[in-house]
J.: 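Dropping a structure here in structure tokens format, bear with me for questions.
Values in this document were obtained by computation on a predicted structure and should not be read as measured data.
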Amino acid sequence: MELNVTTLDGKAAGSVQLSDEIFGLQPRKDIIQRCVQWQLNKRQAGTHKAQGRADVWRTGKKMYKQKGTGGARHGSARVPQFRGGGRAFGPVVRSHATDLPKKVRALALRHALSAKARDGGLIVIESAVLEAAKTKALVGHFSGLGLTNALIIDGATVHHGFAAAARNIPDIDVLPVQGINVYDILRRQKLVLTKAALDALEARFK
């Protein structure tokens with residue numbers, strides 16, 4: 001699969017041949033969905049907690065005598081039946097993370113990249129370098145490329161000026177190639193790869 005390469009100024013900079021093993025697969029929604037769910041589960045804080053009967057500070061003395069009152073047989077006032085008592089089977093602090101094999105994660109990433117390439121949402125630029133860290137200048141570059149909602153993946157390191165200028169632009173994410181992931185690819189309309197990122201991805205999967 002051949003794709004044209006452009007510069008930040010919108011000028012042609014040749015073309016690249018994309019690997020069919022990475023960008024030419026038939027996307028499988030089930031594999032992509034499994035990876036997205038794995039990511040979202042891992043992100044959950046799991047810090048929700050309700051007080052159980054052991055956590056409520058209240059006297060443990062028997063409320064009234066066992067017999068002769070005509071009422072039910074009650075003991076501690078900490079039980080869930082009473083107002084102010086502990087909650088029965090309430091949420092506790094825990095991890096929501098699930099397991100997903102590394103090979104499935106790698107396959108899901110390739111399917112997400114193939115889905116973007118198939119839908120025409122993949123753009124390759126020569127480099128993501130901006131000498132003057134000015135958001136206004138970068139917005140002008142993005143307007144020329146038609147980018148309003150995009151994930152931009154650079155090489156091993158992101159140029160400081162480019163990252164600083166893109167920080168204030170809504171719906172624009174900038175990541176190094178190590179941080180590329182299925183969820184961020186799908187949540188943005190366009191995926192922008194630099195040539196350095198493209199080389200790193202091909203080296204990673206080959």
J.: Could you check if a side-chain atom of Phe162 sits within less than 4.5 angstrom of a side-chain atom of Leu8, using non-hydrogen atoms only?
T.: yes
J.: Tell me every residue that passes ring pair (Phe, Tyr, Trp, His ring centres under 6.0 Å) with Tyr64, counting only those two or more places apart in sequence or in another chain.
T.: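 Tyr64 satisfies ring pair (Phe, Tyr, Trp, His ring centres under 6.0 Å) with no other residue.
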J.: Hey, is Lys11 close enough to Asp9 for a salt bridge, meaning N to O under 4.0 Å?
T.: no
J.: Any heavy-atom pair between the side chains of Trp38 and Val104 that's under 4.5 Å?
T.: no
J.: List the steps and the verdict of side chain to side chain donor-acceptor pair (under 3.5 Å) for Thr7 and Glu126.
T.: CA-CA 5 Å; Thr7 63; Glu126 191 172 22; 5.8 Å; no
J.: Please check this pair: side chain of Thr194 against backbone of Ser127, looking for a donor-acceptor N/O pair closer than 3.5 Å.
T.: no
J.: Between Met1 and Asp20, what is the shortest heavy-atom contact and its length?
T.: N-OD1, 3.6 Å
J.: Does Val182 belong to the same Ile/Leu/Val/Met/Phe/Trp/Tyr cluster as Leu40, with side-chain heavy atoms less than 4.5 Å apart forming each link?
T.: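 Yes, Val182 connects to Leu40 through the hydrophobic network.
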J.: If we only count heavy atoms from C-beta on, is the Ile172 to Ile152 side-chain gap below 4.5 Å?
T.: yes
J.: Just to verify, which of Val177, Ile153, Leu18 counts as forming a side-chain contact (heavy atoms from CB on, under 4.5 Å) with Leu198?
T.: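 Only one of Val177, Ile153, Leu18 forms a side-chain contact (heavy atoms from CB on, under 4.5 Å) with Leu198, namely Leu18.
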J.: Checking side-chain contact (heavy atoms from CB on, under 4.5 Å) against Gln37, which of Gln39, Arg34, Gln33 comes through?
T.: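 When side-chain contact (heavy atoms from CB on, under 4.5 Å) is applied between Gln37 and each of Gln39, Arg34, Gln33, only Gln33 qualifies.
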J.: Taking the side chain from Lys62 and the backbone from His74, do they hold a donor-acceptor pair closer than 3.5 Å?
T.: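 Between the backbone of His74 and the side chain of Lys62 there is a qualifying donor-acceptor contact (under 3.5 Å).
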J.: Do NZ/NE/NH1/NH2 and the carboxylate oxygens of Asp173 and Arg187 come within less than 4.0 Å?
T.: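 Salt bridge: yes.
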J.: Below 4.5 Å, heavy atoms only, C-beta onward: do Phe82 and Met63 meet side chain to side chain?
T.: yes
J.: Side chain to side chain donor-acceptor pair (under 3.5 Å) for Ser15 and Asn4? Distances and angles first, verdict last.
T.: CA-CA 4 Å; Ser15 62; Asn4 293 327; 5.1 Å; no
J.: Holding to salt bridge (Lys or Arg N to Asp or Glu O under 4.0 Å), I want the full list of residues that pass it with Arg87, two or more places apart in sequence or in another chain.
T.: none
J.: Counting heavy atoms not belonging to Arg167, are there more than 12 under 6.0 Å from its CZ?
T.: no
J.: Is there a salt bridge (charged side-chain N to carboxylate O under 4.0 Å, His left out) between Asp55 and Arg78? Walk through the geometry before answering.
T.: CA-CA 9 Å; Asp55 302 316; Arg78 299 191 190 110; over 6 Å; no
